[in-house]
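One structure below.
In the text below, chain A, chain B and the rest are named by the order of the sequence lines, each starting its count at 1. When reading the values below, keep in mind they use all heavy atoms of this one structure, side chains included, and skip hydrogens, waters and symmetry mates.
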Protein chains: 2
Amino acid sequence: MKKHNFSAGPSILSPYTIKHTAEGILDLDQSGLSVMEISHRSKEFIAIMDETQQLFKDLLDIPSGYSVLLLQGGASLQFCMVPYNLLQTKAAYLDTGSWASKAAKEAKLFGEVEVVASSKDTTYSYIPKGYVIPSDADYFHITTNNTIYGTEIKEDMDVPMHLVADMSSDIFSRPMDVSKYALIYGGAQKNLAPAGVTFVIVKDEILGKVTRPIPTMLNYQTHIDNGSMFNTPPCVAIYAAMHTLRWYMDQGGLAAMHKLNLEKAGILYDEIDGSPIFTSNIGDVNDRSIMNVTFVMKEEYKEKEADFLAFAGSRGMSGLKGHRSVGGVRASIYNAMPISSVEALVETMKAFEQNL
Amino acid sequence: MKKHNFSAGPSILSPYTIKHTAEGILDLDQSGLSVMEISHRSKEFIAIMDETQQLFKDLLDIPSGYSVLLLQGGASLQFCMVPYNLLQTKAAYLDTGSWASKAAKEAKLFGEVEVVASSKDTTYSYIPKGYVIPSDADYFHITTNNTIYGTEIKEDMDVPMHLVADMSSDIFSRPMDVSKYALIYGGAQKNLAPAGVTFVIVKDEILGKVTRPIPTMLNYQTHIDNGSMFNTPPCVAIYAAMHTLRWYMDQGGLAAMHKLNLEKAGILYDEIDGSPIFTSNIGDVNDRSIMNVTFVMKEEYKEKEADFLAFAGSRGMSGLKGHRSVGGVRASIYNAMPISSVEALVETMKAFEQNL
């Protein structure tokens, strides 16, 4: 039985991506070779790399002057690569969750770090507003979607310094204005591919300003100069990413994906807000993520949480348990999640309510 | 038509690995989920990670006191991680090729580096001998197999300081004595898995001696403390690696793989040494790699090299062109290469000789 996969990451990928990746592993385009065993210098793989980078540019409408890099190491390695390449004296960070906090911690190895605001006081249940970013910061770092807590910054910010964003869990969820960012990065394992490839979208002109020596592999310029082929790239993950991006194109691009995402999130938040037993832990509806819908049982039903998760599991729903640091329920409804799975979850919630 | 895949890397993997990886991508063990879309914290993936690490220990007979890490970034990222974690004042490097040279270059960012010997004068056609390693070196770094040039250090060295080895292209090719090494690392894309996972075998007690701050992701201790799950691991590449290692077990372990590798290399070197038109570029037979068999056309047949590669291509042989920096022919005959493919290559060489 195919599951309804609500996992936060690695997470659901489109059936199109899964089918084509499996086919390429058995035999890449009738070449007699697996995509796992061809040289990254072969014309076949170079075509895969080129198409994937071009699809990034087309789908996100990336202006000229930016490079798209496909690297390894996950967002966690970017936490140190960003300050290694960009932090001259001071950086500003917005603390919206444990990933944002880890990013700020890493930057402290390279210079002064000012955390301009934090919602840690309420276990990150809101996106801070009204903070002041120091004007002498080399860059301002945000985490646009906070997978664990279910909050999201859903608009492209205007700030007077370089804006750097970890968009691991909401890239490709909506059309965006890349020109407002100096650098965007993320792990692939939500809206793109299996874990193992990391994207970086970087404005070329921001590089080369720091004076510290940078190890070759940690220097963005290395990867720009070598088209992400300085060393062997994670070929299979990139091949899967290409198919996900082709599928987005086929679906009508990011405007269409966004419409669908808003619809899915709307169905689920409506059920939560109208439910006698479930409730949202995110007070400001503007802060609610359209990728990770977190909710809890109302105080008087708290002890039924495990029962609900077991009941949902029995109906083929996987990955709904909230992160261990916050508990509750988390439905991750990334791009590849069909409306039918969200509707199945809502039916399950209603059935559980009625059986109580 | 299935090709004879002589690619230097990414390179041939066993049909067992290819079949099972494709199956897991479609449906992991009848779970209703793809191995690409399950959480790395799921019991299913934890079992995959645990088994893969255990198979490393069993196949290589790794003594206690060592950790097996499965990371990202390739050997190229290890070029900076090794000195970041181990170089206190001075390191010694043996320069046996361009990868060895790149490793030494990176170490210079972290301290004094002494290159104890180099065979660069003859385009790395031999393994230097009789060098002196400075006794105050924190470690001595070697590249055991030089993929581009076809040379290999085939025995485990005794040195009085920490021995660090890049074994990207000959790990699992023979039984070895891990206790002679402080740290062994490599990219996966030869004898293990598709590109995208990097193994590190490290003696725990050598860590924690440097005083410089180390970014979290570049610190081996981070990954030891978190069982290679500090951040999301490259799950699909690890799943493929597990199957390759299961297959080695089924084949009789590394003693059996070594016997087969010696036989395959022997067949090919015998043909080269007896040929009227081909010749080896590695003078000392002890230095010849059993993984990458490089050879050239004798001076009077030099202009026929492209014809030979085209002829071999027409007979289903892929990836035989020598690296652009050295030219000639390179037959990479990693563990997964069957004897029948080596025999087919020898027949092709003989046929080409006769048709000249």
Heavy-atom proximity to chain B below 4.5 Å, by part of A/Tyr84: side chain
Interface residues of residues 4-12 of chain A facing chain B - heavy atom cut-off under 4.5 Å: A/Asn5, A/Ser7, A/Gly9, A/Pro10, A/Ser11, A/Ile12
Side chain, backbone, both or neither of A/Cys80 within contact of chain B (heavy atoms, under 4.5 Å): side chain
Pairing residues for B/Ala103 by the side-chain contact (heavy atoms from CB on, under 4.5 Å) criterion, not counting sequence neighbours: B/Phe79, B/Tyr93, B/His141, B/Tyr185
Between A/Gly196, A/Ala188, A/Ala75, A/Gly73, the one whose heavy-atom pairs under 4.5 Å with chain B are most numerous: A/Gly73
Top contributor to chain A interface from B/Leu218, B/Thr232, B/Val35 [non-hydrogen pairs under 4.5 Å]: B/Thr232
Pairs of heavy atoms under 4.5 Å with chain A: top-ranked of B/Lys19, B/Met36, B/Met217: B/Met36
Largest heavy-atom contact set with chain B, pairs under 4.5 Å, which of A/Leu71, A/Leu26, A/Asp27: A/Leu26
Greatest number of heavy atom pairs closer than 4.5 Å to chain A - which of B/Pro234, B/Gly187, B/Pro215: B/Pro215
Salt bridge flag under 4.0 Å for residues A/Lys2 and B/Glu37: yes
Atom pair CD1/CD1 of B/Ile25 and A/Ile18 - distance to nearest 0.5 Å: 9.0 Å
Contact leader toward chain B among A/Ala336, A/Gly24, A/Ser39, where contacts are heavy-atom pairs under 4.5 Å: A/Ser39
Proximal component of A/Ile214, with respect to chain B [non-hydrogen, under 4.5 Å]: backbone
Candidate list B/Asn231, B/Thr216, B/Leu77, test side chain to side chain contact (heavy atoms under 4.5 Å, CB included), partner A/Leu77, passing option: B/Leu77
Winner by heavy-atom pair count (cut-off under 4.5 Å) against chain A, out of B/Ala193, B/Ser34, B/Ala22, B/Ala237: B/Ala22
Any pair counted as side-chain hydrogen bond (donor to acceptor under 3.5 Å, both in side chains), so long as it reaches residues 317-334 of chain A, sequence neighbours left out: A/Asn292-A/Ser332, A/Asn292-A/Tyr334, A/His323-A/Ser325
Portion of B/Pro233 that has a non-hydrogen atom of chain A nearer than 4.5 angstrom: backbone
Listed partners of B/Thr244 passing side-chain contact (heavy atoms from CB on, under 4.5 Å), at least two apart: B/Leu13, B/Thr17, B/Tyr248
